[in-house]
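First the proteins, then the strands, lettered A, B, ... as listed; each starts at 1.
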2 protein chains.
Amino acid sequence: MSKKFEYDYPLPAVTVDMAIFTIRKNRLQVLLIQRRDDPHKGKWAIPGGFVEVGVGHKARGKQGESLEQAAERELLEETSLQRDRDQVFLEQLYTFGNPGRDPRGRVITVAYYALISPEAYRRVEAGDDAVEAAWFDVEDLPTMAFDHDQIMVAAIERVRGKIDYDPRLAKALLPSEFTSRQFRRVHEVCKGTSYDRSNFNKRFKRIVEDGRILETDDTQEPTGAGRPARLYQFPE
Amino acid sequence: MSKKFEYDYPLPAVTVDMAIFTIRKNRLQVLLIQRRDDPHKGKWAIPGGFVEVGVGHKARGKQGESLEQAAERELLEETSLQRDRDQVFLEQLYTFGNPGRDPRGRVITVAYYALISPEAYRRVEAGDDAVEAAWFDVEDLPTMAFDHDQIMVAAIERVRGKIDYDPRLAKALLPSEFTSRQFRRVHEVCKGTSYDRSNFNKRFKRIVEDGRILETDDTQEPTGAGRPARLYQFPE
DNA sequence: CCAAAAGTGTTCTCACTACACCCATGT
DNA sequence: ACATGGGTGTAGTGAGAACACTTTTGG
């Protein structure tokens, strides 16, 4: 049953690894799994898996799943997301393929990153290859397996750089209706800085005027004290 | 001799494809090859090749070349670059791996893009897999093989977006000493717009004041008429 | 009335834009 | 002198930073 697939040349294995971010307790966190098996048994790693590759020519058979489908599958396996993927931001990050990055053989991994709202998933689950799955603060990460430290650095850098100009990132981290304060918190947590409320509100107002965020009539938030804030939502 | 390499699971082939840009005749151009063989025989395509994958475990043998090395090798094969690679900008672009993108079987390609100065290469050469190699205007590209149209769109978008804030792109397209006019032309050609000379010079001056471009004492350019321009260079 | 949070206003600075003017060189 | 291109200056606009002030809610 083994060694069934034969090729003219040596081929690499291709995996998809994914940095899954969310915001919990006002911290940007990422989902890691603890590896059940060697190599790097017991070490933390970002979730990943092989890309399903079909056999044969285009005309004669399926060639398997796309890279994005593989990433999406991985995401669903780990988080058992509830809502549709409009709530999720998923993007390819970078492809890591240095020889020696996996001691078992040549493995090239296409890294993705995802942002999900805490409301969007039920519970994280340890898969077959993991003894545990847990959320880690991005400021306090363990040493990870393979070159996953490097992948995480790139992923965090991407999130920090992109949230400023792509509202889809904030959208994935927010509930469907949100206040300008929540919107600001998301930016503060991702960037690791704090913003002046007044100045950030001007920036927020411009986004609203451009139609990239819609003002609702509701003005909820019956929190303890203080004036209730207006609620906003993303278009569509 | 064939079917020598056996695996437990079907594996994809991994290639590196590369969009090689330069500036010729005040136009942003890209190097394409005309395919000698099927599939897409006779069609234009961006240069590419398989990533060299070794065999065996990390401890027992080499696992082949890195993705960046593969891209560099491809670049040298096509352009027979003369100078060292400080003159070249090379960066990973995106990984394309949709099933069906190559009719022969599952092929995942890690796309790179490179910027080279016209002074840095001798002559472009058609490799074994091509009948011809030629420079095309990015505004006037032919229909290309595989999903190379899509790759080119992404590559051009990256160049246009990144040249504004990363001086390494302009550096790769300029001679070692250059005038502010040449620097501006590079930006104009890449972005496809034109910049006010005075305003661009202020921007240029800020880059110089930040030390990202150095002012030389030379003030060459014995061109026909007009005041000779000051020469600048990049650090190091 | 007071605390707390939302919401707005004022001023300064800085970068980008449009446009005008002077400087240095070859013919 | 004049054409050609380099270099600089001015005024307007718009975004970001620092900071002060007003408004609306619960207790």
Side-chain angles (χ1 to χ4, degrees), chain A residues 26 160-167 170 174-175 177-233, chain B residues 23 25-26 160-167 170 174-175 177-233:
Chain A
N26 275 335
R160 295 224 160 117
K162 195 152 190 171
I163 194 167
D164 282 331
Y165 64 91
D166 192 335
L174 285 165
E177 295 204 318
F178 53 94
T179 67
S180 78
R181 182 196 190 83
Q182 288 175 293
F183 188 76
R184 177 162 49 90
R185 279 265 190 279
V186 163
H187 283 253
E188 287 176 337
V189 165
C190 287
K191 302 282 279 190
T193 60
S194 78
Y195 293 103
D196 179 90
R197 181 170 50 87
S198 167
N199 295 330
F200 192 90
N201 275 358
K202 295 195 193 94
R203 183 173 151 188
F204 185 74
K205 266 184 140 177
R206 273 192 296 275
I207 300 176
V208 173
E209 278 161 14
D210 293 350
R212 291 154 66 196
I213 289 179
L214 305 176
E215 192 174 321
T216 72
D217 296 334
D218 309 308
T219 167
Q220 264 176 271
E221 180 156 14
T223 74
R227 174 171 169 179
R230 163 149 276 140
L231 286 172
Y232 298 84
Q233 61 189 10
Chain B
I23 291 182
K25 312 190 202 326
N26 276 333
R160 296 225 160 116
K162 195 152 190 171
I163 195 167
D164 282 331
Y165 64 91
D166 192 335
L174 285 165
E177 295 203 316
F178 54 93
T179 66
S180 78
R181 182 197 190 83
Q182 288 175 294
F183 188 77
R184 177 162 49 91
R185 279 263 192 277
V186 163
H187 283 253
E188 288 176 336
V189 165
C190 286
K191 302 280 280 190
T193 59
S194 77
Y195 293 103
D196 179 271
R197 180 171 51 90
S198 166
N199 296 330
F200 192 90
N201 276 357
K202 295 195 192 94
R203 183 173 150 188
F204 184 74
K205 266 185 140 175
R206 272 191 296 275
I207 300 175
V208 174
E209 279 161 14
D210 293 350
R212 291 154 67 197
I213 289 180
L214 305 177
E215 192 174 322
T216 71
D217 295 332
D218 308 309
T219 166
Q220 261 177 274
E221 183 156 12
T223 74
R227 173 174 170 177
R230 162 149 276 140
L231 286 172
Y232 298 83
Q233 61 190 11

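- Applying the ring-ring contact (aromatic ring centres under 6.0 Å, His included) rule to B:F204 yields the partners B:F183, B:Y232; only residues at least two apart in sequence or on another chain are considered.
- You won't find any donor-acceptor pair under 3.5 Å spanning the side chain of B:S180 and the base of D:dG7, going by distance alone.
- Between A:R181 and C:dA6 there is a side-chain N or O to OP1 or OP2 distance below 4.0 Å.
- On a pure distance criterion of 3.5 Å, no polar donor-acceptor pair joins the side chain of A:N201 and the base of C:dA6.
- For a distance-only test at 3.5 Å, the side chain of B:R230 fails to qualify as a donor-acceptor partner of the base of D:dG6.
- Within the nucleic acid shown, B:R203 has no heavy atom closer than 4.0 Å to any nucleic acid atom.
- Residues A:A170 and A:H187 come closest through the heavy atom pair CB-NE2, 4.1 Å.
- A salt bridge is absent between A:R203 and A:D196: the closest approach of a Lys/Arg side-chain nitrogen to an acidic carboxylate oxygen does not fall below 4.0 angstrom.
- No N or O donor and acceptor, one from the side chain of A:N199 and one from the base of D:dA15, sit under 3.5 Å apart.
- Projected onto DNA chain C by closest heavy-atom contact, A:A225 and A:K202 fall at different nucleotides, the more 5' of which corresponds to A:A225.
- Side chain of B:R227, nearest nucleotide from C:dG7, C:dA24, D:dT8: C:dA24.
- No side-chain heavy atom of A:L214 sits less than 4.5 Å from a side-chain heavy atom of A:V208.
- Nearest-nucleotide positions on DNA chain C place A:R184 closer to the 5' end than the other of A:R184 and B:D196.
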